Amino acid sequence: MDKLYSAGIIFAGSVLLGFAFNMFLLPHEILSGGITGVAMIFSLMTPINAGVWLLLLNIPILVLGWMKLGKMFILNSVYSVAVTSVTMLYIPVMKVTEDALLSSVFGGVLVGIGVGFIIRFYGSTGGFDVVGLLLTMKRDIPLGFMVFGLNSLVVFISGFIFSWELAMYTMASIYITGLVVDRIHTRHIKLSLMVVTTQGDAVKQKMLANLYRGITVTDGEGAYSGNKVKVLYTVITRYELAHVRPLIKEIDPHAFVSITETMEVMGNFRRDDNYKKNPETVYRSVPETSEQTS
């Protein structure tokens, strides 16, 4: 059921991309970024449809992704690229509005929504998404910002080939896309998690068995009650938060839990390898590093 749900989300996101390209961006020669933008440039310069170019240009990048990001990720990406390509073949290229700026804004939003959900459900649209994901595995940089930087190259290409006015529309579109992607794809956001519980050992073992994180454990005492408690502290990603909540509640429904957003992490923070693993099992791996205690 989970796989069918993920496949459905990726399908919907891919169709949304094809709709945004053919109804908002291409009619005004406003390009998407990266490989999709290059495919659009080729389609505008040749009689070959952008969907065909998109498929051809993604082949070498998807091969690289297969080697670095795993089989399931690339299968989902191929599925997404194929659906987008077919959608672009069958949806007519026509203007929804004559206003190029309005098209760039709405097109950028729709592309961002599509890309964000495709990536969130363990896929990509190929091209610079794969390159961006490879780079974000090494650095804690928001994916949307990373892809925006990579896609800026397309803006300069389109400026020289077409016009700088269209290049600026393109820049606006991919910037908006990057913002929307970061709103949906929040893996780069880190959260500090503090748990105060009377079931310290049980909560600690449960979290260690289900997270790829170390945990710092300290002794505490309730100032009012005088009860002895354990204070567990760790840093997780926003994606992991939905998984952590029920784990804690299962062991100690009365635990005090504090969650705050963390600006920066230095030191022994294990970055999860979700892109290399089956998303259904990523949280079930026992961590390789033991917890820290003090």
Side-chain angles (χ1 to χ4, degrees), residues 5-6 8-28 30-40 50 54 58 73 76-77 80-81 83-84 87-88 91 96-97 99-137 139-155 158 166-191 237-239 241-242 261 274-275:
Y5 179 69
S6 297
I9 295 295
I10 293 173
F11 178 85
S14 302
V15 171
L16 184 61
L17 287 181
F19 176 81
F21 293 151
N22 282 11
M23 304 294 282
F24 287 95
L25 302 181
L26 273 176
H28 293 279
I30 300 169
L31 308 180
S32 179
I35 296 302
T36 305
V38 175
M40 288 179 172
L54 181 64
N58 269 298
F73 175 83
N76 286 341
S77 300
S80 173
V81 171
V83 171
T84 302
T87 301
M88 293 177 71
I91 292 181
V96 175
T97 174
D99 191 326
L101 180 58
L102 199 59
S103 288
S104 68
V105 171
F106 275 89
V109 170
L110 293 178
V111 171
I113 293 172
V115 171
F117 278 106
I118 290 168
I119 293 175
R120 183 153 189 167
F121 283 84
Y122 205 66
S124 78
T125 59
F128 283 169
D129 286 355
V130 176
V131 178
L133 287 168
L134 288 170
L135 294 175
T136 55
M137 288 174 62
R139 294 284 185 272
D140 275 332
I141 301 175
L143 179 63
F145 176 79
M146 176 70 73
V147 174
F148 170 72
L150 294 172
N151 287 343
S152 296
L153 178 63
V154 178
V155 176
S158 65
L166 292 176
M168 287 187 285
Y169 284 136
T170 300
M171 177 66 81
S173 178
I174 66 174
Y175 177 72
I176 293 169
T177 295
L179 292 179
V180 176
V181 168
D182 280 339
R183 288 290 183 179
I184 298 172
H185 181 273
T186 57
R187 192 183 305 275
H188 65 282
I189 297 178
K190 304 297 182 293
L191 304 174
T237 68
R238 175 158 299 176
Y239 276 18
L241 179 59
E261 188 168 322
N274 288 4
Y275 294 127

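What you see is a predicted model; the values in this text were computed from it and never measured.
Smallest separation of non-hydrogen atoms from Ser14 and Val83: CB-CG1, 3.5 Å. Taking each heavy atom of Ala20 and Leu110 in turn, the nearest pair found is CB-CB, 3.7 Å. Listed here is the closest heavy atom pair of Phe121 and Ile9: CD1-CG2, 3.5 Å. Between Met23 and Ile91, the closest heavy-atom pair is SD-CG2, 3.9 Å. In terms of heavy atoms, Val111 sits closest to Phe21 at CG2-CE2, 3.6 Å.
Residues satisfying the ring-ring contact (aromatic ring centres under 6.0 Å, His included) test with Phe106, not counting sequence neighbours, are none.
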Candidate pair Thr84 and Ser80, rule side chain to side chain contact (heavy atoms under 4.5 Å, CB included), full reasoning: CA-CA 6 Å; Thr84 302; Ser80 173; 4.3 Å; yes
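In this structure, the separation between CD1 on Ile184 and CG on Leu179 is 11.5 Å, given to the nearest 0.5 Å. Taking OG1 of Thr97 as the start and CZ of Phe24 as the end, the distance is 8.5 Å to the nearest 0.5 Å. Interatomic distance, Ile119 CD1 to Ile10 CD1, rounded to the nearest 0.5 Å: 10.5 Å.
By the 4.5 Å heavy-atom criterion applied to side chains, Leu25 and Tyr169 are not counted as neighbours. For the pair Ser103/Val96, no side-chain contact is recorded, criterion being any heavy-atom separation below 4.5 Å from C-beta on. The shortest distance between side-chain heavy atoms of Val105 and Ile176 falls below 4.5 Å.
Within 6.0 Å of CZ in Phe11 there are 12 or fewer heavy atoms belonging to other residues, nucleotides or ligands.
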